[in-house]
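Numbered from 1 within each chain, the chains take letters A, B, ... in sequence-line order.
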Amino acid sequence: MSVDRIYILGVNHKTAPVEIRERLAFTGDPGLPYRELKVIPGCEEFCFLSTCNRVEVIFVSSQGGKTERRIREFLFAGRMSYQEAGKYVYLHQGEAALSHMFRVGAGLDSMVMGEPQILGQLKDAYRNATEQKCTGLVLNRLMHKAFSVAKRIRTETGIGSSAVSISYAAVELAKKIFGNLKHRKVLLVGAGEMAELAAQHLASQGVDEVIVANRTFARAVKMARSFNGSAVAFDELVEELARVDILISSTGAPGLILMKDQVKPMMRKRRNSPLFLIDIAVPRDLDPRLNDLDNVYLYGIDDLQNVVEINRSERDREAVRAERIVTEETLKFTLWLGSIEINPTIIDLRAKVEKLRDAELAKTMANLGNLSDRQRKAVEVLANSLVNKMLHHPIQYLKQEGPVADKRTRIDTVRMLFGLDPDRSSHRDPDSK
Amino acid sequence: MSYLLFQVTLFVYILSTAAYAVYFYSQRKEIRAIARAILVSAGVLHTVYLAARYIEAGHTPLTSHHETVSFFAWSLTWGYLSFHWRYNVRNFGTFVSPLITVLMLIAAFSSREIVPLPPALRSGWLPFHASVAIMANAFLALAFCGGLMYLLQERELKKKRFGLFYSRLPSLEALDALNQHCLAVGFPLLTLGIITGSIWAKQAWGAYWQWDPKETWSLITWFLYAALLHQRFTVGWRGRRAAIMAIIGFSAALFTLWGVTCFMGGVHAYVG
């Protein structure tokens with residue numbers, strides 16, 4: 001099979017802003033995409049992946065462009081013209097589609113490079129597709145390959161181990177202090193976007209509760225609702241320190257809002273259990289001297305940036321190794337596809353020659369008249385071994401390793417030489433001129 | 001024969017320390033598995049050596065300096081491995097294995113002569129008191145290693161300079177928990193060691209307590225750990241302070257083991 005029949009059509013956080021992705025999110029009926037895509041002509045195998053950052057259809061089609069058009073229409077459901085949608089979608093074909101698939105699975109294409117959630121989402125997507133009987137030989141193999149490539153990248157490189165955004169750095173540090181984040185409470189002070197993102201990441205690590213404090217109480221209540229948490233008045237901030245473990249602050253206050261002397265007595269109340277303070281506000285919200293207190297860990301935006309930088313350089317090194325693995329696996333997969341591509345030719349070739357052998361044998365046997373069983377056997381063996389010996393080189397020639405283009409030329413040559421495609425060889429047949 | 005066995009054991013311990021060091025640097029799981037396997041083999045060889053020594057001496061081999069320190073290393077090995085079975089503390093082995101090796105080297109340089117048992121020691125209390133006391137030391141040593149790891153990790157987190165340890169050591173919480181677990185085993189053993197010692201003293205010398213330097217120092221050690229545990233449970237002393245106390249407490253325990261014998265003598269002088 002030709003690798004060029006594999007396509008990936010999709011939008012992700014890089015190609016489409018969130019408003020566009022929101023319009024694509026398929027949250028309602030989970031069976032809908034399968035029913036809709038299944039009936040598209042030429043869509044032989046497909047898998048449908050939908051996460052908050054991407055929507056992708058991985059499909060195998062022999063009608064390329066036509067199928068792609070129909071799938072794109074389905075994705076945008078008439079909300080956007082084909083041309084306009086073109087601004088946001090990407091379409092990968094052949095080897096590019098394979099590498100894209102592997103990169104997605106390993107989290108190399110994610111917003112936070114190397115994040116592990118995507119692999120689980122991809123596995124779910126594949127499970128759904130198989131349950132709906134939408135996959136076949138090629139996609140089954142490709143998806144399993146994508147999982148094993150992701151695993152290989154995870155074990156052979158350190159890509160997943162380092163935090164690469166401020167909020168991930170905060171989570172990583174929190175884990176270094178508390179180990180497990182379950183049963184921990186987070187206090188979010190102020191309403192900065194970055195602080196909210198950090199709180200979200202912490203919440204996704206399974207923290208017990210998110211408490212929000214804001215100058216405008218109504219706003220605190222609103223934010224708390226998005227975390228399923230509770231809101232407290234700004235004046236209760238210090239008192240809250242007795243029960244929370246992580247504080248993320250990003251108010252627009254002109255001066256410090258929390259001093260060392262305020263926190264010190266709270267540590268006794270906390271029975272000295274560790275307190276992680278994250279100050280993402282500019283200008284700063286938290287007294288830098290807080291870091292001098294025992295069991296208090298204060299990190300400002302620059303400190304977090306440092307963690308990010310350390311991780312980034314490490315990650316860049318690892319990314320190079322990860323990309324090498326992707327290239328290697330893409331090549332391996334293409335070779336496998338190539339091998340299913342030459343198989344029909346080998347089968348055709350064998351069938352043709354064996355048919356000739358049988359016909360010639362029958363003729364010869366008829367001419368030779370009465371033969372003993374031994375003689376008959378000897379003639380058959382002769383014919384068989386001739387056929388096998390004649391076929392050996394053409395088959396070896398087909399199976400040779402090398403670029404895909406060469407492989408196609410070789411297949412073509414063999415098919416022509418042995419006249420395996422009757423209509424094509426006939427007009428090249430010198431006698432038929 | 002047992003001499004050769006001891007040397008082989010020592011060599012295997014050194015090998016495991018080297019393997020743990022390589023693991024610490026490379027962080028490759030296969031190497032950790034190898035290091036652990038080597039440590040387990042060393043522990044097994046060591047057990048065989050102790051048994052051989054028991055047969056050779058005809059009494060519990062806990063009376064000479066060589067025997068005590070070697071038993072200390074043995075307890076530390078199995079104490080560590082038993083912890084390993086319940087808790088997984090990353091890179092703990094890298095800190096424990098060198099300590100074991102150092103103890104074994106000290107044992108190697110002490111006289112391996114088998115001394116006849118003085119009359120006072122001919123008692124059923126010998127194996128019990130001595131082994132319990134040394135095992136207590138082993139768990140306190142584990143708490144010491146945990147404390148050291150805590151301080152290293154805490155330092156990098158506080159200074160925000162992330163070096164060799166930050167990514168390799170476990171979370172502060174895990175190290176603090178380790179500290180507590182080791183003390184929870186070590187302290188009762190220490191208490192039991194002191195109690196059995198005093199009962200034995202009553203039988204051997206007619207008095208439960210005679211303020212022998214070793215007795216005094218073991219009491220000081222006991223008070224240090226008791227204070228630490230008390231503070232832990234009442235005001236929540238944890239983290240850095242607990243780690244420092246675990247280190248100070250272990251120094252006191254070591255002083256009880258060696259310092260007292262070197263500098264002060266007393267009724268326990270035979271183990272020196």
Side-chain angles (χ1 to χ4, degrees), chain A residues 154-158 161-163 169 171-184 205 242 245-246 265-279 288-315, chain B residues 25-33 87-92 146-147 149-181 227-246:
Chain A
R154 203 154 295 278
T155 47
E156 288 182 26
T157 76
S161 62
S162 43
V171 169
E172 190 189 292
L173 284 164
K175 280 186 175 166
K176 275 290 168 196
I177 295 168
F178 300 110
N180 198 326
L181 296 187
K182 282 186 185 120
H183 313 301
R184 300 291 167 186
Q205 297 296 317
D245 304 289
I246 302 168
M266 297 317 290
M267 287 311 285
R268 228 165 292 142
K269 274 197 177 168
R270 298 174 53 78
R271 291 172 48 82
N272 285 308
S273 90
L275 186 61
F276 181 27
L277 307 173
I278 306 165
D279 184 357
R289 292 177 307 146
L290 279 163
N291 199 43
D292 303 338
L293 289 174
D294 249 3
N295 297 314
V296 175
Y297 303 89
L298 170 68
Y299 277 75
I301 184 92
D302 293 342
D303 304 323
L304 291 173
Q305 197 62 49
N306 276 343
V307 178
V308 172
E309 280 311 314
I310 293 168
N311 288 333
R312 200 192 301 277
S313 59
E314 193 181 321
R315 182 204 64 180
Chain B
Y25 224 83
S26 70
Q27 291 295 293
R28 287 177 49 190
K29 283 192 183 126
E30 315 88 80
I31 298 177
R32 184 182 60 188
Y87 314 101
N88 195 5
V89 180
R90 272 180 73 198
N91 287 311
F92 194 23
M149 289 165 80
Y150 187 97
L151 292 184
L152 288 168
Q153 179 69 294
E154 211 241 5
R155 202 182 127 88
E156 297 207 340
L157 277 169
K158 274 270 190 199
K159 300 249 180 224
K160 293 148 194 172
R161 258 183 253 124
F162 306 109
L164 194 61
F165 299 108
Y166 170 72
S167 62
R168 291 182 170 84
L169 294 187
S171 67
L172 293 179
E173 184 73 17
L175 290 170
D176 195 50
L178 171 75
N179 194 306
Q180 178 157 355
H181 289 310
L228 169 56
L229 282 168
H230 174 263
Q231 291 298 89
R232 235 195 137 95
F233 287 118
T234 53
V235 283
W237 254 34
R238 54 160 83 217
R240 215 165 81 86
R241 282 189 202 178
I244 292 173
M245 274 300 275

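- The residue among A/N306, A/N180, A/V296, A/D292 with the most heavy atom pairs within less than 4.5 Å of chain B is A/V296.
- The main-chain N or O of B/W237 is never found under 3.5 Å from a side-chain atom of B/Q231 such that the two would form a donor-acceptor pair.
- When the candidates B/Q153, B/R161, B/R238 are compared by the number of heavy-atom contacts under 4.5 Å with chain A, B/R238 comes out ahead.
- There is no contact between B/L175 and chain A, counting heavy-atom distances below 4.5 Å.
- Annotation: side chain of B/S26 is in contact with side chain of B/I31 (closest heavy-atom distance under 4.5 Å).
- For chain B, the nearby parts of A/K176 are the backbone and the side chain; heavy atoms of each come within less than 4.5 Å.
- In this structure, B/R168 forms a cation-pi arrangement with B/Y25, its terminal cationic atom sitting closer than 6.0 Å to the ring centre and no more than 45° off the ring axis.
- Using a 4.5 Å cut-off between heavy atoms, A/L304 makes no contact with chain B at all.
- Within the 4.5 angstrom heavy-atom criterion, only backbone atoms of B/F233 (N, CA, C, O) approach chain A.
- Here A/I177 is the residue among A/I177, A/L173, A/L298 with the most heavy-atom pairs under 4.5 Å with chain B.
- Between the CG atom of B/L172 and the CZ atom of A/F276 there is a distance of 11.0 Å, given to the nearest 0.5 Å.
- For the salt bridge (Lys or Arg N to Asp or Glu O under 4.0 Å) with B/D176, the lone residue among B/R232, B/R240, B/R241 that qualifies is B/R232.
- Side-chain contact between A/Y299 and A/D279 is absent, with no heavy atoms from C-beta onward closer than 4.5 Å.
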